[in-house]
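Structure record follows, encoded as structure tokens.
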Amino acid sequence: MTYQISGKTKIACLIGWPVSHSFSPAMHNAAFQDANLDYVYICFPVKPERIPEAISGFRALDICGANVTIPHKEAVVPFLDEVSDEARKIGAVNTILNHEGSLAGFNTDVYGYSKSLELHDFDMIGVHAVIIGAGGVARAIAIGHAMTNAASITITDTAAGKAGALVSNLRELYPSLEVRDASRDPGLLIKSLVRADIVINATPLGMKETDPLFLDSNQMECISPSAAIFDAIYNVKETKLEKTCRARHIKYVGGLDMLLYQGVRAFEIWTEQTPNIPLMKKVLQEKLGTC
Ligand code: NAP
């Protein structure tokens with residue numbers, strides 16, 4: 001692809017450590033070109049200790065917008081001029097808009113998640129949700145459900161204390177929300193799975209062909225056929241979990257659309273235009289080898 005870089009070309013970027021694996025440049029540059037926007041998207045590997053300088057650099061160099069990835073999503077927050085309500089609740093920013101030197105932080109993962117469910121005709125309002133895994137993606141998903149008046153959220157994690165910390169944080173933010181840590185309580189997990197409207201795989205399980213399912217077969221059996229399963233995994237054409245859901249006639253929502261729509265929202269924030277979404281999806285699928 002050839003870019004016509006001009007004296008007016010605006011720069012959007014990704015900061016992370018590392019960043020060389022990212023598909024965002026391909027996805028955003030294709031969308032910028034398609035929309036005839038004089039923008040270019042590039043990756044900057046930024047070491048954790050250099051975050052303050054990197055953020056000052058956005059202002060100094062008039063970088064128009066940025067994405068932020070692991071491990072900087074939390075670290076950038078104190079250096080921004082304002083942070084959206086969602087991003088503040090999640091405690092992590094994945095998108096920055098530079099408006100005349102004033103930096104606003106957003107988290108577009110909740111939008112990506114909600115949009116992917118909407119596309120599969122799943123209504124998030126008032127549902128019982130079970131989230132397996134309590135890392136970064138689980139946090140955004142949990143806030144998404146809390147913001148749409150979840151009836152309950154149950155969270156488990158193998159890492160000691162991680163689900164407990166997320167549960168405590170959700171209780172502080174949403175005192176009337178029924179939210180529980182089932183990490184050390186298999187009975188509670190089973191009961192929660194039985195009544196769940198949606199069960200979320202927010203673990204890395206499924207990225208490799210040899211991975212086991214995120215739940216054992218007894219736990220899987222507890223999930224109602226009327227429930228949906230959301231799988232954060234996006235790099236596999238057809239996961240073992242997807243095949244299992246198909247065999248049990250359970251609605252399966254894969255992670256690709258969440259990834260796509262968090263990018264779509266970032267594009268809209270930077271440009272105030274709607275990108276060519278099918279093109280962005282095609283580029284992602286080509287890059288992932290999941291076409
Ligand atoms: P993370 O911060 O490492 O969190 C994953 C958590 O799951 C860890 O705390 C891990 O614990 C826990 N875990 C692993 N196996 C488990 C099990 N069997 N039961 C319960 N908990 C378990 O990772 P992340 O950033 O949240 O990402 C999770 C997955 O989502 C990754 O595969 C990532 O590629 C994907 N993702 C998708 C999108 C999207 O847009 N679709 C966006 C971001 C991430 P341990 O540390 O003890 O292993």
Side-chain angles (χ1 to χ4, degrees), residues 14 16-19 21-24 27 67-75 90-95 107-117 119-120 129-144 153-167 169 180-186 188-190 192-193 199-220 229-237 239-242 252-266 277 280-281 284-285 287-288 290:
L14 171 69
W17 184 260
V19 282
H21 62 283
S22 174
F23 305 130
S24 294
M27 178 172 78
N67 282 139
V68 184
T69 190
I70 292 166
H72 304 323
K73 288 184 179 190
E74 293 87 13
I90 297 166
V93 157
N94 76 340
T95 301
N107 191 306
T108 66
D109 286 333
V110 173
Y111 177 82
Y113 175 67
S114 315
K115 192 74 193 170
S116 68
L117 293 185
L119 290 171
H120 285 82
V130 176
I131 306 177
I132 311 297
V137 80
R139 208 177 156 73
I141 289 173
I143 293 292
I153 304 178
T154 305
I155 306 171
T156 71
D157 199 289
T158 44
K162 238 170 150 177
L166 179 50
V167 164
N169 194 228
R180 294 165 314 174
D181 173 8
S183 303
R184 307 281 171 270
D185 189 342
L188 174 60
L189 177 58
I190 292 288
S192 305
L193 288 170
V199 181
I200 295 116
N201 175 26
T203 78
L205 291 175
M207 289 177 84
K208 291 186 269 158
E209 230 172 85
T210 48
D211 281 343
L213 287 179
F214 75 127
L215 293 171
D216 67 31
S217 53
N218 287 338
Q219 293 164 338
M220 282 298 291
I229 290 189
F230 176 84
D231 190 357
I233 304 302
Y234 56 75
N235 66 325
V236 178
K237 192 169 182 189
T239 60
K240 210 182 278 178
L241 180 56
E242 185 170 5
Y252 172 90
V253 182
L256 184 71
D257 281 334
M258 177 174 174
L259 182 71
L260 169 68
Y261 279 92
Q262 63 76 31
V264 167
R265 189 75 197 103
I277 298 170
M280 288 172 84
K281 186 163 185 169
L284 265 185
Q285 287 172 319
K287 283 278 163 193
L288 289 162
T290 56

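In listed order, ligands and their atoms are each counted from 1.
Not counting sequence neighbours, Phe214 has no partner by the ring pair (Phe, Tyr, Trp, His ring centres under 6.0 Å) test.
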### Message
Please evaluate residues Asp181 and Lys162 with respect to the criterion salt bridge (charged side-chain N to carboxylate O under 4.0 Å, His left out), reporting the C-alpha separation (whole Å), side-chain torsions for both, the decisive distance (0.1 Å), and the verdict.
### Response
CA-CA 9 Å; Asp181 173 8; Lys162 238 170 150 177; over 6 Å; no

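Of the options His120, Lys281, Lys115, a side-chain hydrogen bond (donor to acceptor under 3.5 Å, both in side chains) to Asp257 is made by Lys281 and by none of the others.
There is no side-chain donor-acceptor pair under 3.5 Å between Ser114 and Tyr261. Looking at Asn94 and Thr108, their side chains do bring a donor and an acceptor atom within 3.5 Å of each other.
For Lys240, the NZ atom sits in a packed shell: over 12 heavy atoms of surrounding residues, nucleotides or ligands are nearer than 6.0 Å.
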What short N/O contacts, under 3.5 Å, does ligand 1 make with the protein, listed by atom pair and distance?
unit_1: ligand 1; atom_1: 2 (O); unit_2: Gly136; atom_2: N; d: 3.3
unit_1: ligand 1; atom_1: 9 (O); unit_2: Asp157; atom_2: OD1; d: 3.1
unit_1: ligand 1; atom_1: 9 (O); unit_2: Asp157; atom_2: OD2; d: 2.9
unit_1: ligand 1; atom_1: 9 (O); unit_2: Lys162; atom_2: NZ; d: 2.7
unit_1: ligand 1; atom_1: 11 (O); unit_2: Asp157; atom_2: OD1; d: 3.2
unit_1: ligand 1; atom_1: 11 (O); unit_2: Thr158; atom_2: OG1; d: 3.3
unit_1: ligand 1; atom_1: 13 (N); unit_2: Thr158; atom_2: OG1; d: 3.4
unit_1: ligand 1; atom_1: 21 (N); unit_2: Thr158; atom_2: N; d: 3.3
unit_1: ligand 1; atom_1: 26 (O); unit_2: Gly136; atom_2: N; d: 3.1
unit_1: ligand 1; atom_1: 26 (O); unit_2: Val137; atom_2: N; d: 2.9
unit_1: ligand 1; atom_1: 40 (O); unit_2: Leu259; atom_2: N; d: 3.2
unit_1: ligand 1; atom_1: 41 (N); unit_2: Ala232; atom_2: O; d: 3.0
unit_1: ligand 1; atom_1: 41 (N); unit_2: Gly255; atom_2: O; d: 2.9
unit_1: ligand 1; atom_1: 47 (O); unit_2: Thr158; atom_2: OG1; d: 3.4

